[in-house]
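Each chain gets a letter, A, B and so on, in the order the sequences are listed, and its residues count up from 1.
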Number of protein chains: 4
Amino acid sequence: MASVWKNRLSLAIFGQSHGAAIGVTLDGIPAGEPVDMDALGAFLKRRAPGRFPWSTPRQEADEPEFLSGIVNGKTCGAPITAIIRNTNTRSQDYAVTKDIPRPGHADYTASVKHGGHADISGGGHFSGRLTAALCIAGGLCLQMLARRGVVIGAHVASVAGATDRLFDPENVNEAVLRGLWEMEFPVLDPAAAAPMTQEIGRAKEALDSVGGTIECAAVGLPAGLGDPLFGGMENRIASLAFAVPAVKGIEFGAGFSAALMRGSEHNDPFYVCGGAVKTRGNNHGGILGGISTGMPVIFRTVIKPTPSIGRAQESVRLDTLEAASLSVQGRHDPCIVPRAVPCMEAVMAIAVCDSCV
Amino acid sequence: MASVWKNRLSLAIFGQSHGAAIGVTLDGIPAGEPVDMDALGAFLKRRAPGRFPWSTPRQEADEPEFLSGIVNGKTCGAPITAIIRNTNTRSQDYAVTKDIPRPGHADYTASVKHGGHADISGGGHFSGRLTAALCIAGGLCLQMLARRGVVIGAHVASVAGATDRLFDPENVNEAVLRGLWEMEFPVLDPAAAAPMTQEIGRAKEALDSVGGTIECAAVGLPAGLGDPLFGGMENRIASLAFAVPAVKGIEFGAGFSAALMRGSEHNDPFYVCGGAVKTRGNNHGGILGGISTGMPVIFRTVIKPTPSIGRAQESVRLDTLEAASLSVQGRHDPCIVPRAVPCMEAVMAIAVCDSCV
Amino acid sequence: MASVWKNRLSLAIFGQSHGAAIGVTLDGIPAGEPVDMDALGAFLKRRAPGRFPWSTPRQEADEPEFLSGIVNGKTCGAPITAIIRNTNTRSQDYAVTKDIPRPGHADYTASVKHGGHADISGGGHFSGRLTAALCIAGGLCLQMLARRGVVIGAHVASVAGATDRLFDPENVNEAVLRGLWEMEFPVLDPAAAAPMTQEIGRAKEALDSVGGTIECAAVGLPAGLGDPLFGGMENRIASLAFAVPAVKGIEFGAGFSAALMRGSEHNDPFYVCGGAVKTRGNNHGGILGGISTGMPVIFRTVIKPTPSIGRAQESVRLDTLEAASLSVQGRHDPCIVPRAVPCMEAVMAIAVCDSCV
Amino acid sequence: MASVWKNRLSLAIFGQSHGAAIGVTLDGIPAGEPVDMDALGAFLKRRAPGRFPWSTPRQEADEPEFLSGIVNGKTCGAPITAIIRNTNTRSQDYAVTKDIPRPGHADYTASVKHGGHADISGGGHFSGRLTAALCIAGGLCLQMLARRGVVIGAHVASVAGATDRLFDPENVNEAVLRGLWEMEFPVLDPAAAAPMTQEIGRAKEALDSVGGTIECAAVGLPAGLGDPLFGGMENRIASLAFAVPAVKGIEFGAGFSAALMRGSEHNDPFYVCGGAVKTRGNNHGGILGGISTGMPVIFRTVIKPTPSIGRAQESVRLDTLEAASLSVQGRHDPCIVPRAVPCMEAVMAIAVCDSCV
């Protein structure tokens with residue numbers, strides 16, 4: 001029941017890292033939506049491995065094949081299914097992880113849940129590779145939303161201790177967000193990228209990895225999207241965001257810093273501008289009572305450091321319960337934060353589409 | 001589709017703050033589970049208003065009446081429904097908020113979504129009062145889990161700038177958690193409470209409010225609970241936690257601090273202890289790949305400062321779109337963090353039950 | 001997971017026959033829908049016990065109390081919850097059925113599923129009484145649909161061997177359907193009622209019971225409601241209809257008689273009338289590919305004979321597994337077909353609302 | 001939301017008749033279940049076109065390719081996805097149906113719902129071809145159930161007026177059901193097939209088609225599966241069965257004939273046999289209160305005559321709303337009843353698996 005998300009939209013994600021293919025079915029998208037395959041390809045490329053000097057060398061075309069739901073470049077109302085073949089698998093790299101679980105990975109929990117039948121190779125169904133399927137669905141939603149005036153973008157807010165400035169929560173706009181799409185390493189402050197990539201380089205040299213944070217914004221939403229309680233925009237976004245393997249936290253608007261504010265400071269006063277109700281400030285992150293206010297929707301997620309590292313780590317042999325040392329071979333990024341940026345855009349786009357289809 | 005959460009368990013929450021009653025239906029609990037009404041009452045009292053010098057003076061017995069699902073003190077397998085009558089409503093306090101939305105509240109978004117038909121009074125269906133219904137369901141789950149060796153507790157981790165120490169993520173245990181249940185102001189460090197209550201007092205004097213953070217832990221879970229992707233423990237917990245009105249962020253294990261760690265530091269090495277696989281450290285918060293590892297499950301949420309404050313705030317008249325000033329009368333807490341503590345325990349309990357029924 | 005139905009609308013039904021109350025939560029109804037409580041009361045009265053000479057003498061006001069979702073006679077957008085107190089329970093009548101399951105009832109299966117904890121009294125959660133809750137939800141949907149030009153009505157199509165004529169599937173109209181609402185024993189052919197009531201009377205004298213069939217129609221639906229595959233109108237209607245305890249079969253349009261037709265006979269030709277596409281004949285029951293065609297939607301259900309009968313029946317003692325004889329005391333109708341008529345209207349109304357909210 | 005069914009199991013079906021591929025994702029199957037691909041192939045062959053002299057000449061290998069969820073012949077706990085390529089499409093046969101909807105088909109309703117964007121070709125997503133995907137999922141469930149002692153089989157109960165005898169509802173057993181799997185034209189009475197095939201032959205000569213009924217049984221189920229109200233076995237089975245395009249009715253146990261019985265006749269008395277509670281007779285079809293009794297579960301469905309017929313039919317041009325005549329070219333069966341037999345077995349298998357995983 002895990003890999004199928006069902007609300008107004010339905011989303012089923014399938015595949016294992018070293019199986020035949022991964023893919024996604026997205027149901028509930030109206031008929032007649034044009035699909036720009038080039039734009040989708042460009043979006044997926046932002047998540048693809050191998051773009052950075054430090055990236056995993058797994059080189060895959062990662063071109064989705066659409067099996068259904070799109071006819072003559074438009075959605076036809078039937079469920080949309082796309083798959084990506086796994087062509088460049090090297091399962092031998094993972095032979096050892098079946099017996100000796102990698103710290104920080106799902107190898108151990110998958111073994112407990114599925115016993116010896118779990119497909120551990122390359123992380124199996126728990127692999128970050130599955131986020132390519134999420135991005136296919138999200139990329140379609142992004143296009144659909146853009147035609148309705150809703151634009152979504154995200155940037156690397158921090159890597160290790162190196163930080164970018166944050167969105168202007170009141171005034172972030174379409175131009176800023178579209179600008180991020182074009183950047184290989186998307187940041188708001190052009191000077192922010194270098195210190196981040198240096199952190200990544202240092203980690204790589206040390207056979208280690210680093211984490212970071214991502215900030216994502218959606219502008220152009222009407223007020224009134226979402227529902228109370230479990231149907232809130234925060235709930236929908238969070239229930240999708242934690243499907244991205246490395247995400248360990250999410251915050252909206254002022255987020256955790258709200259703990260240090262007084263109400264008089266945190267409350268965003270309402271005012272009227274051009275006939276529309278707006279707020280001064282946007283500590284509420286565009287969501288009050290789970291429902292969009294029409295201000296930019298903004299969330300930040302933390303991406304833990306890639307658990308696969310070359311350094312020797314302590315683990316156990318699951319068959320004998322003896323202590324064992326492990327240094328992960330395989331292919332792995334010292335930092336997946338930039339590649340997770342489009343994943344967060346996908347999460348936002350699916351949640352927003354779900355609230356307005 | 002908002003107020004019904006459906007996975008293995010189903011949870012439907014209903015009611016408005018100033019309507020006839022609030023309540024909850026919980027379906028999926030097995031038959032034969034004993035229900036200790038005294039223990040449930042004690043649990044609900046921890047959330048109830050009016051316990052603190054600074055609390056909202058709304059005094060309600062808040063005793064749930066069980067309409068179904070429990071016979072002779074045990075669950076009978078049918079859906080469990082309980083209601084709490086609203087007896088002490090003062091809707092006149094809220095007459096103004098229909099026209100002039102309170103900053104930081106759902107008044108405005110509810111008006112957009114439901115037009116003039118929204119029940120704004122006292123926050124309507126968006127009121128924090130609805131969390132009493134969540135706590136009834138959570139309280140039942142807590143009892144069910146406790147009989148299976150799973151114990152859940154939470155503490156006030158911070159109020160404004162005043163902080164408690166955090167759980168020892170490896171060694172937090174049942175005794176610590178049960179101890180928190182007994183404390184009027186639950187903290188780990190006995191000296192932490194006073195500075196927090198002082199912060200609250202100062203805010204109250206200033207007709208203002210303060211926020212904070214809550215940390216919640218579950219111990220005794222077996223490894224293997226939860227599912228990949230959207231069915232992860234993080235996803236389930238988050239999809240419930242954001243139903244609590246003031247929650248604006250959630251993090252698991254090391255959470256946002258993982259952004260500053262290297263993989264070698266963040267990864268928790270496996271080792272064997274007493275025949276069981278454990279981890280040294282618990283940066284993963286008891287969850288890897290969405291699935292429990294058997295280590296304590298730990299999350300923290302941020303509770304924004306109560307949006308209802310006595311100080312004058314800027315807003316707009318929704319009918320005329322003229323600027324308006326508002327100072328919230330009604331009853332409100334300058335800090336709801338301690339009252340939200342059992343809500344977080346409820347969230348954890350429902351999510352864990354959902355993963356193991 | 002059983003008593004909560006969730007699609008676009010959510011429906012949670014709770015209560016046991018001899019518990020404190022039964023009730024329903026309906027979520028997803030838009031704000032601003034007027035609720036005519038008198039009309040709802042009249043609708044519920046059609047299902048209520050005690051109207052017929054042969055009816056169960058359980059006399060209950062059966063007036064729903066609305067706890068939430070309705071303010072000043074209109075829906076407010078929050079979930080609608082209503083309860084009906086159980087005031088006239090006589091559990092002693094059912095003391096024996098805990099040990100000796102009544103043939104044709106859920107006593108045995110409830111015992112297997114819930115063990116000794118099952119609430120068997122009066123049928124517990126499996127009682128036909130729960131359909132009062134279904135009718136509250138359905139009654140609200142009926143009102144909402146009527147304002148949109150969709151009218152739903154049903155009649156007793158047969159009791160034992162006595163039959164009514166069937167709807168003219170092409171030309172059944174609002175006037176015919178509204179006329180049925182007014183009839184104590186709703187039939188299309190006024191002469192059909194007497195033979196049916198005679199069958200019921202004969203069964204009652206024989207301490208026995210009879211079953212029958214009900215036909216339900218909805219007119220005024222636009223074409224295009226429903227979805228393919230599992231989201232078809234037939235699937236939605238059926239998934240609700242079988243929640244009514246005595247329903248053991250359902251057919252749409254020509255239904256089972258289609259087995260005897262050729263395609264050239266069963267296919268309904270399209271033609272244009274007044275600018276609208278219609279069909280000559282309506283063997284398809286207003287649904288093609290799961291989606292409404294704009295023609296009347298028509299289904300028939302079979303209602304099995306009331307399993308509670310006064311005649312001695314063979315059963316077993318569940319504790320000792322010895323053979324036992326049972327004659328059901330308690331209160332029971334020799335025929336529940338006429339009381340199930342509004343239940344079928346409720347089923348249709350909920351399914352149609354679900355497809356167009 | 002239509003093509004994804006989600007309960008304990010999740011089932012997503014995708015594809016259009018003349019698109020690239022059709023397929024299915026099945027989530028929730030435990031890890032470690034062996035998959036016998038030969039047995040699955042044999043099962044799918046029973047549904048495949050082209051087996052009969054009268055069958056559609058569309059010849060496709062229809063071999064599923066498994067993309068995920070199965071490793072070394074066993075399920076690995078990840079979602080199982082399989083696809084079947086569409087290789088033998090002749091879309092030109094359907095060029096006309098875009099403008100002139102075929103009576104009895106979903107062409108018209110698809111056009112209303114999806115406008116000009118609907119993929120009408122070959123029935124698109126509404127094609128009976130999609131049931132191959134359902135059968136892949138069902139075939140896997142059948143294997144899983146067989147290992148647990150639950151065996152499911154179905155037969156052609158009637159074609160036009162020619163009938164087979166029905167199952168002995170009390171004593172139908174595994175041997176009878178397995179025997180049906182082996183028959184090209186599965187009937188209980190060997191003499192029943194010839195009159196049926198004659199009916200089909202006569203219809204084919206007349207450029208017409210015939211319908212019929214199918215009876216399906218499951219034996220070996222434990223008592224206690226299923227849930228009350230919307231979670232009943234009848235509800236689950238029906239919500240799946242109506243996804244098969246030609247199904248227009250379903251009945252359980254005595255079904256519609258219960259309308260002619262008295263309670264004393266319809267109630268199945270309980271007795272003890274070999275320490276187990278059984279019933280004499282099985283009018284209840286193995287289900288009471290939605291929950292299995294341990295007796296054979298039996299349902300019958302009606303399959304309408306194939307709507308595609310060569311005879312000229314009346315229709316309308318959707319663009320001009322002028323009357324038009326249509327005789328369906330393309331490939332079509334004069335009778336799909338025998339091919340729908342495994343589909344009903346698949347429906348039963350998925351529903352039963354869903355109630356016991």
Side-chain angles (χ1 to χ4, degrees), chain C residues 1-3 5 13 103-104 106 109 112-113 125-126 158 208-213 223-224 227-232 234-235 238-239 242-243 248-249 251-252 255-256 258-264 266-270 272 277 288-289 291 293 302 304-307 309 311 313-316 321, chain D residues 1-3 5 13 103-104 106 109 112-113 125-126 158 161 208-213 223-224 227-232 234-235 238-239 242-243 248-249 251-252 255-256 258-259 261-264 266-270 272 277 288-289 291 293 302 304-307 309 311 313-316 321:
Chain C
M1 308 196 60
S3 305
W5 187 88
I13 287 183
T109 50
V112 171
K113 189 165 186 73
H125 187 55
F126 295 86
S158 73
D208 213 330
S209 65
V210 283
T213 57
D227 290 284
L229 286 165
F230 313 112
E234 289 117 330
N235 309 59
S239 74
F242 284 109
K248 293 300 277 188
E251 60 179 6
F252 295 84
F256 276 89
L260 297 170
M261 294 179 183
R262 287 210 168 165
S264 57
H266 186 268
N267 285 348
D268 302 306
F270 293 109
V272 172
V277 174
L288 285 174
I291 297 177
T293 61
V302 58
K304 71 178 186 184
T306 325
I309 54 175
R311 298 179 76 163
Q313 296 179 87
E314 187 187 348
S315 184
V316 295
L321 291 188
Chain D
M1 309 197 58
S3 306
W5 186 88
I13 287 181
T109 50
V112 172
K113 188 165 187 73
H125 186 55
F126 296 87
S158 73
D208 214 331
S209 64
V210 284
T213 56
D227 289 284
L229 286 165
F230 313 113
E234 289 118 331
N235 309 58
S239 74
F242 284 107
K248 293 299 275 188
E251 60 178 6
F252 295 84
F256 276 90
M261 295 180 183
R262 288 212 167 164
S264 57
H266 187 268
N267 285 347
D268 303 306
F270 292 108
V272 173
V277 174
L288 286 174
I291 298 176
T293 60
V302 59
K304 72 178 185 183
T306 324
I309 55 175
R311 299 180 76 162
Q313 297 180 85
E314 188 188 347
S315 184
V316 296
L321 291 187

Enquirer: Quick one: of D:G232, D:P307, D:P228, D:A223, who has the most non-hydrogen atom pairs under 4.5 Å with chain C?
Expert: D:P228

Enquirer: Under a 4.5 Å heavy-atom cut-off, does chain C meet the side chain of D:I309, its backbone, both or neither?
Expert: side chain

Enquirer: For the residue pair D:I291 and C:F126, establish whether any side-chain heavy-atom pair is separated by less than 4.5 Å.
Expert: yes

Enquirer: Working to the nearest 0.5 angstrom, can you tell me the gap between C:F242 CZ and C:K248 NZ?
Expert: 8.5 Å

Enquirer: Checking heavy atoms, do the side chain of D:R311, its backbone, both or neither come under 4.5 Å from chain C?
Expert: side chain

Enquirer: To check you understand the geometry: which heavy-atom pair defines the closest contact between C:F230 and C:N235, and what is its length?
Expert: O-CB, 3.3 Å

Enquirer: Side chain, backbone, both or neither: which part of C:T306 has a non-hydrogen atom closer than 4.5 Å to chain D?
Expert: backbone

Enquirer: Please look at D:D268 and chain C and tell me whether the side chain, the backbone, both or neither of the residue comes under 4.5 angstrom of a heavy atom of that chain.
Expert: backbone

Enquirer: Give the member of D:G249, D:G289, D:P103, D:G104 that has the highest number of heavy-atom pairs under 4.5 Å with chain C.
Expert: D:P103

Enquirer: Could you report the tightest heavy-atom contact between C:H125 and C:I13, atom names first, then the distance?
Expert: CE1-O, 3.7 Å

Enquirer: Most heavy-atom pairs under 4.5 angstrom with chain C, which of D:G255, D:S209, D:G161, D:A238?
Expert: D:S209

Enquirer: Can you name the nearest heavy-atom pair linking D:L288 to D:F270, along with the distance?
Expert: CD1-CZ, 4.1 Å

Enquirer: Rounded to the nearest 0.5 Å, how far apart are NZ of D:K304 and CE of C:M261?
Expert: 11.5 Å

Enquirer: Among C:N267, C:T213, C:V210, C:L260, which residue has the highest count of heavy-atom pairs closer than 4.5 Å to chain D?
Expert: C:N267

Enquirer: Can you name the closest pair of heavy atoms from C:H266 and D:P305 and give their distance?
Expert: CB-CG, 3.6 Å

Enquirer: As an exercise: rank C:G212, C:G224, C:A243, C:S239 by heavy-atom pairs under 4.5 Å with chain D and give me the winner.
Expert: C:A243

Enquirer: Quick one, D:K113 and C:D227 - any side-chain contact, counting heavy atoms below 4.5 Å?
Expert: yes

Enquirer: Quick check on D:T293 against chain C: is it the side chain, the backbone, both or neither that has a heavy atom closer than 4.5 Å?
Expert: both

Enquirer: Please flag which part of D:Q313 lies under 4.5 Å from any non-hydrogen atom of chain C: side chain, backbone, both or neither.
Expert: side chain

Enquirer: Among D:A106, D:S158, D:S264, who wins on heavy-atom pairs under 4.5 Å with chain C?
Expert: D:S264

